[in-house]
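Report on the following structure.
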Amino acid sequence: MKKLKLSLLMLVAVISATAFAVNSEAVHADTVKAIQKQRKSGYLNADGQWLWFENGQRYTGFRHYMGTYYWFINGVRKIQVGAMLGG
């Protein structure tokens with residue numbers, strides 16, 4: 001009888017966890033929407049494209065990354081400025 005109660009409790013726990021997982025919104029850092037929601041910063045792979053984000057927004061301007069400077073427009077890396085400056 002004790003094993004039956006334990007098994008029943010485990011079954012209820014698994015069903016509850018599954019219901020929670022189905023009803024909760026999955027947030028992964030691989031979508032622009034999730035990055036914006038989490039206000040992430042950095043050079044991130046969003047929807048299969050590498051983009052620079054600052055506080056969840058696509059960044060425009062100069063950024064130092066991997067030892068050199070780059071120019072980003074709307075998150076997209078355009079020009080490696082460090083090489084042009086002798087960096």
Side-chain angles (χ1 to χ4, degrees):
M1 187 68 168
K2 188 175 183 179
K3 284 186 178 184
L4 180 61
K5 285 183 181 179
L6 183 59
S7 296
L8 186 57
L9 286 173
M10 289 175 63
L11 180 61
V12 169
V14 168
I15 291 171
S16 297
T18 303
F20 176 76
V22 168
N23 292 325
S24 65
E25 180 182 342
V27 178
H28 301 286
D30 57 354
T31 65
V32 172
K33 181 180 174 184
I35 291 169
Q36 290 172 337
K37 184 176 182 175
Q38 297 172 13
R39 300 182 54 84
K40 290 187 174 244
S41 295
Y43 200 43
L44 306 169
N45 188 346
D47 298 326
Q49 181 181 9
W50 286 93
L51 302 168
W52 192 278
F53 288 89
E54 286 293 325
N55 296 318
Q57 300 301 313
R58 290 182 178 206
Y59 179 78
T60 297
F62 289 103
R63 266 296 163 234
H64 186 259
Y65 177 72
M66 298 293 288
T68 192
Y69 286 90
Y70 296 93
W71 176 251
F72 291 88
I73 298 175
N74 198 25
V76 179
R77 190 176 81 186
K78 296 293 184 178
I79 302 170
Q80 183 177 349
V81 179
M84 294 168 40
L85 299 175

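Scanning both residues, Thr31 and Ala46, for their nearest heavy atoms gives C-CB, 4.5 Å. Contact detail for Lys40 and Phe53: the closest heavy-atom pair is O-CB, 3.6 Å.
In the hydrophobic cluster analysis, where Ile, Leu, Val, Met, Phe, Trp and Tyr join through side-chain heavy atoms closer than 4.5 angstrom, Tyr59 is grouped apart from Trp71. Linking Ile, Leu, Val, Met, Phe, Trp and Tyr residues whenever their side-chain heavy atoms come within less than 4.5 Å places Ile73 and Val81 in a single cluster. Follow the hydrophobic side-chain contacts under 4.5 Å out from Leu44 and you reach Leu51 in the same cluster. Taken together through direct or relayed side-chain contacts under 4.5 Å among Ile, Leu, Val, Met, Phe, Trp and Tyr, Tyr69 and Phe72 form parts of separate hydrophobic clusters.
Interatomic distance, Ile79 CD1 to Tyr70 OH, rounded to the nearest 0.5 Å: 12.5 Å.
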Give the table of side-chain donor-acceptor pairs shorter than 3.5 Å for residues 60-67, with sequence neighbours excluded, one pair per line with atom names and distance.
unit_1	atom_1	unit_2	atom_2	d
Thr60	OG1	Asn74	N	2.8
Arg63	NE	Glu54	OE2	3.3
Arg63	NH2	Glu54	OE2	3.3

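Checked against side chain to side chain contact (heavy atoms under 4.5 Å, CB included), Arg39 has the following partners two or more places apart in sequence or in another chain: Asn55.
By the 4.5 Å heavy-atom criterion applied to side chains, Val76 and Gln49 are counted as neighbours. Inter-residue side-chain proximity for Arg58 and Trp52 is flagged as unmet; no heavy-atom pair is nearer than 4.5 Å.
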